[in-house]
Amino acid sequence: MMLRSIKSLATSPSSHILRRGYASEAVPDRKVAVLGAAGGIGQPLALLMKLNPLVSSLALYDIANTPGVAADVGHINTRSEVSGYSGEAELGKALEGADVVIIPAGVPRKPGMTRDDLFNINAGIVKGLCQAIAKYCPHALVNMISNPVNSTVPIAAEVFKKAGTYDPKRLFGVTTLDVVRAKTFYAGKAKVPVAEVNVPVVGGHAGITILPLFSQATPKANLSDAEITALTKRTQDGGTEVVEAKAGKGSATLSMAYAGAIFADACLKGLNGAPDVVECSYVQSTITELPFFASKVRLGKNGVEEVLGLGPLSDYEKEGLEKLKPELQSSIEKGIKFANQ
Ligand SMILES: NC(=O)C1=CN([C@@H]2O[C@H](COP(=O)(O)OP(=O)(O)OC[C@H]3O[C@@H](n4cnc5c(N)ncnc54)[C@H](O)[C@@H]3O)[C@@H](O)[C@H]2O)C=CC1
Ligand SMILES: O=C([O-])CC(=O)C(=O)O
């Protein structure tokens with residue numbers, strides 16, 4: 001309740017003094033760092049995090065072009081102080097004191113590529129960034145966006161293990177865009193208000209490893225098996241749909257920034273002690289035999305508070321779950337092997 005009233009104060013144009021007076025007491029200071037902040041996702045994500053009243057300090061890091069993004073975003077009259085950091089020598093300063101680190105650094109797909117085709121370049125980028133996180137902000141919650149998420153999260157875990165800083169409660173693969181898509185597509189097909197829709201999406205974040213659980217979607221709708229199959233396929237191929245539409249100019253950036261901002265906001269709310277913060281995320285998990293798996297996760301003051309189970313699955317979803325396991329397992333193993341060589 002208190003948080004909500006502060007939020008409305010923070011968005012009221014005449015609230016500067018009130019906001020300073022109350023917000024510093026009621027809303028803790030939180031530093032968020034975005035790594036890859038000058039990119040297609042990074043820029044709109046920086047904007048959305050600048051609009052988030054839970055953020056007091058926003059650090060924007062990239063290998064180049066960050067001063068311009070930081071100067072631009074920094075003129076927006078919201079709570080957070082913005083600073084830009086460019087080049088590896090400034091990475092430590094960007095990370096120091098961060099509560100949440102969001103990583104959209106790395107190359108995106110072009111038509112005809114799979115997410116796994118990005119492995120060779122992005123694995124090394126993520127490894128280097130995670131080594132710096134282990135050094136400069138080992139307790140931060142890490143939100144991994146860089147693809148292939150199915151492998152980059154296991155890479156991050158191995159880097160943190162080697163550094164002696166690994167805490168599985170603090171490492172998240174961002175799969176929120178799959179949920180965002182599933183909600184949009186379901187609302188369209190079921191003709192229900194999109195703002196009311198909930199659909200868990202489990203598994204991983206590539207092709208058939210993305211498993212939307214439309215049998216658990218609310219509000220309930222009587223969709224045929226053929227409609228559920230088509231919705232499932234569209235959700236699994238959502239990224240490819242955007243890659244093809246952009247025709248060589250990259251992959252989803254705006255919808256991803258939106259999804260990334262929702263997930264980071266949930267992490268911040270959890271850190272601040274808000275109750276019942278639940279989002280799907282790809283985390284270390286024991287709900288299947290796979291060591292990393294996306295499912296609903298309850299977020300709290302230390303990151304993951306509870307990894308929630310899958311709930312009842314339809315026969316179609318049970319089949320999808322079995323089909324995805326070999327691919328997800330091999331992407332996990334590929335990440336672990338890379339990090340340890
Ligand atoms: N998890 C998800 O649902 C999604 C993930 N992605 C992934 O996000 C990543 C970024 O996508 P875009 O922003 O479209 O790419 P982009 O190429 O527009 O931006 C990437 C940024 O990363 C920066 N970068 C490269 N190496 C870096 C390093 N060592 N440290 C810091 N920054 C570095 C680049 O300078 C660039 O500004 C891709 O791997 C893409 O596949 C994209 C959409 C959805
Ligand atoms: O498809 C891609 O390459 C980017 C991505 O992960 C998504 O849009 O879901």
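All of these numbers come straight from a predicted model, not from anything done at the bench. We're numbering straight along the sequence, starting at 1. We count ligands from 1, going down the list as the structure has it; atoms in each ligand are counted the same way.
For the pair Asp117 and Lys110, the salt-bridge criterion is not met [side-chain N within less than 4.0 Å of a carboxylate O]. Comment: Lys325 engages Glu289 in a salt bridge, judged by a side-chain N to carboxylate O separation of less than 4.0 angstrom. A salt bridge does not link Arg298 with Glu305: every distance from a Lys NZ or Arg NE/NH1/NH2 to an Asp or Glu carboxylate oxygen is 4.0 Å or more.
Across every non-hydrogen atom of Lys189 and Glu227, the tightest pair is CD-OE2, 3.9 Å.
Between Tyr166 and Phe160, the ring-plane angle classifies as parallel under the 30° and 60° cut-offs.
Taken from CG in Leu129 to NZ in Lys127, the straight-line distance is 12.5 Å, to the nearest 0.5 Å.
Annotation: ligand 2 has protein neighbours Arg109, Arg115, Asn147, Leu177, Arg181, His205, Gly239, Ser251, Ala252, each with a heavy atom less than 4.0 angstrom from the ligand. The immediate protein surroundings of ligand 1, defined as residues with any heavy atom under 4.0 Å of it, consist of Gly36, Ala38, Gly39, Gly40, Ile41, Tyr61, Asp62, Ile63, Pro104, Ala105, Gly106, Val107, Pro108, Leu118, Asn122, Ile125, Leu129, Ile145, Ser146, Asn147, Val149, Val174, Leu177, His205, Ser251, Ala252, Thr253, Met256.
In the model, Arg109 has no side-chain atom that pairs as donor or acceptor with a side-chain atom of Thr114 under 3.5 Å. Residues Asn150 and Arg115 bring no donor and acceptor atom of their side chains to less than 3.5 Å of each other.
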Pair Phe214-Tyr316, ring-ring contact (aromatic ring centres under 6.0 Å, His included): steps then yes or no: CA-CA 10 Å; Phe214 287 112; Tyr316 176 67; 9.3 Å; no

